[in-house]
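Remarks on the structure that follows.
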Amino acid sequence: MMPQNLAALLQKAQSIAGLTFGELADELNIPVPPNLKRDKGWGGMLLETALGATAGSKAEQDFAHLGVELKSLPINEQGFPLETTFVSLAPLTQNSGVQWENSHVRHKLSCVLWIPVEGSRHIALRDRHIGAPILWQPSPEQESQLKRDWEELMEYITLGRLNEITARIGEVMQLRPKGANSKAITKGIGKNGEVVETLPLGFYLRKEFTAGILREFLGN
DNA sequence: TGGTGATCATCA
DNA sequence: TGATGATCACCA
């Protein structure tokens with residue numbers, strides 16, 4: 001099932017474009033939940049299964065042998081993203097020496113297969129259509145935007161300014177909580193360089209950024 | 001706990 | 001009403 005090369009992956013992705021979640025799920029004998037309240041990652045998992053990615057948690061690209069990360073992107077009727085896009089957990093400790101060039105964010109975003117998906121809640125989950133795939137690599141401009149934000153955000157982390165971090169920081173990428181709930185805990189660096197308990201944070205792409213990706217591929 | 005996949009839902 | 005902060009499920 002795992003595609004052996006990029007062409008096969010793209011072909012598979014193109015072959016499911018136009019289907020609804022319900023049609024695809026039925027083919028794969030996967031039950032469709034009534035909504036996403038308790039199954040927030042269901043759509044992404046469905047696409048992973050359909051495209052032959054190995055399900056489960058592994059800290060790497062979905063198609064590591066192809067160097068490709070798979071991401072579903074819920075959009076509204078206007079083709080605009082409905083949600084920000086999670087990229088990766090932020091390293092809150094042991095991050096000395098981490099540079100943009102060897103960061104998880106850069107690696108994850110070096111090549112992404114985006115699959116737009118109808119996401120409006122008034123459309124029943126099983127009736128939502130799967131869009132045409134977009135194989136994307138950041139342009140030099142996009143990468144420099146990401147790098148700038150990453151460096152600014154990482155500065156808060158490494159300088160022990162965790163308490164000052166807000167989702168408003170960052171032009172195209174932000175830091176937000178990423179965990180089971182507000183009681184989730186991890187280690188971070190405090191004001192005086194000491195280890196402190198803090199909320200796990202993740203990097204998220206702002207909607208405007210992913211909207212730009214859609215725009216460049218769908219031709220404005 | 002820290003990853004994967006994300007969306008929910010409250011409040012400014 | 002949209003974005004921020006919170007949350008859901010599953011796995012190793």
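Because the structure is predicted, anything quoted here is derived from the model rather than measured. A, B, ... follow the sequence lines: proteins, then strands. Residue 1 opens every chain. Quick note: numbers below take in every heavy atom, side chains included, and nothing from hydrogens, waters or symmetry partners.
A salt bridge does not link A:Arg161 with A:Glu155: every distance from a Lys NZ or Arg NE/NH1/NH2 to an Asp or Glu carboxylate oxygen is 4.0 Å or more. Using a 4.0 Å cut-off between charged side-chain N and carboxylate O, A:Glu143 and A:Arg106 make a salt bridge.
Of the candidate nucleotides C:dT7, B:dT7, C:dG5, C:dT7 has the atom nearest to the side chain of A:Asn181. When each of C:dA6, C:dG5, B:dT4 is scored by its nearest atom to the side-chain atoms of A:Ser182, the top-ranked nucleotide is C:dA6. Of the candidates C:dT4, C:dA3, C:dA9, the closest approach to any side-chain atom of A:Arg38 belongs to C:dA9. Candidate nucleotides B:dG3, B:dA9, B:dT7 were compared by shortest atom distance to the side chain of A:Leu89, and B:dG3 ranks first. Closest contact between the side chain of A:Ile185 and the listed nucleotides B:dT1, C:dT4, B:dG5 involves B:dT1.
For B:dT1, the OP1/OP2 oxygens have no side-chain nitrogen or oxygen of A:Thr186 closer than 4.0 Å. Between C:dG5 and A:Arg168, a contact under 4.0 Å exists linking OP1 or OP2 to a side-chain N or O. Contact between the side-chain N/O atoms of A:Ser88 and the OP1/OP2 oxygens of B:dG3 is not found at any separation under 4.0 Å. Within the 4.0 Å cut-off from OP1 or OP2 of B:dA6, at least one side-chain nitrogen or oxygen of A:Lys71 is found. Distances shorter than 4.0 Å separate none of the side-chain N or O atoms of A:Lys40 from OP1 or OP2 on C:dT7. Phosphate contact (OP1/OP2 of C:dT4, side-chain N/O of A:Arg206, threshold under 4.0 Å): present.
Residues from residues 169-180 of chain A placing a heavy atom under 4.0 Å of any atom in DNA chain C, listed by number, are A:Gln174, A:Arg176, A:Pro177, A:Lys178, A:Gly179, A:Ala180.
Between A:His65 and A:Pro3, the shortest heavy-atom contact is NE2-O, 2.8 Å. Among all heavy-atom pairs drawn from A:Arg128 and A:Arg121, the shortest one is NH2-CA, 3.5 Å.
Judged purely by atom type and a 3.5 angstrom limit, A:Ser139 uses its side chain to pair as donor or acceptor with the backbone of A:Gln142.
Contact annotation for A:Lys108: backbone-only contact, meaning every heavy-atom pair under 4.0 Å involves sugar-phosphate atoms and none involves a base. Within 4.0 Å (heavy atoms only), A:Tyr204 reaches at least one base atom of the nucleic acid. If you check every strand for non-hydrogen atoms under 4.0 Å, A:Pro200 touches nothing. When heavy atoms are screened at a 4.0 angstrom cut-off, A:Leu82 is found touching no nucleic acid atom at all.
Checked against the 6.0 Å centroid threshold, A:Phe217 and A:Trp114 do not count as a close aromatic pair.
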Show your working on salt bridge (Lys or Arg N to Asp or Glu O under 4.0 Å) between A:Arg215 and A:Glu208 and close with a plain yes or no.
-> CA-CA 10 Å; A:Arg215 224 177 298 122; A:Glu208 291 72 17; over 6 Å; no
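In this structure, the CD atom of A:Gln78 is 14 Å from the C1' atom of C:dG2, given to the nearest Å.
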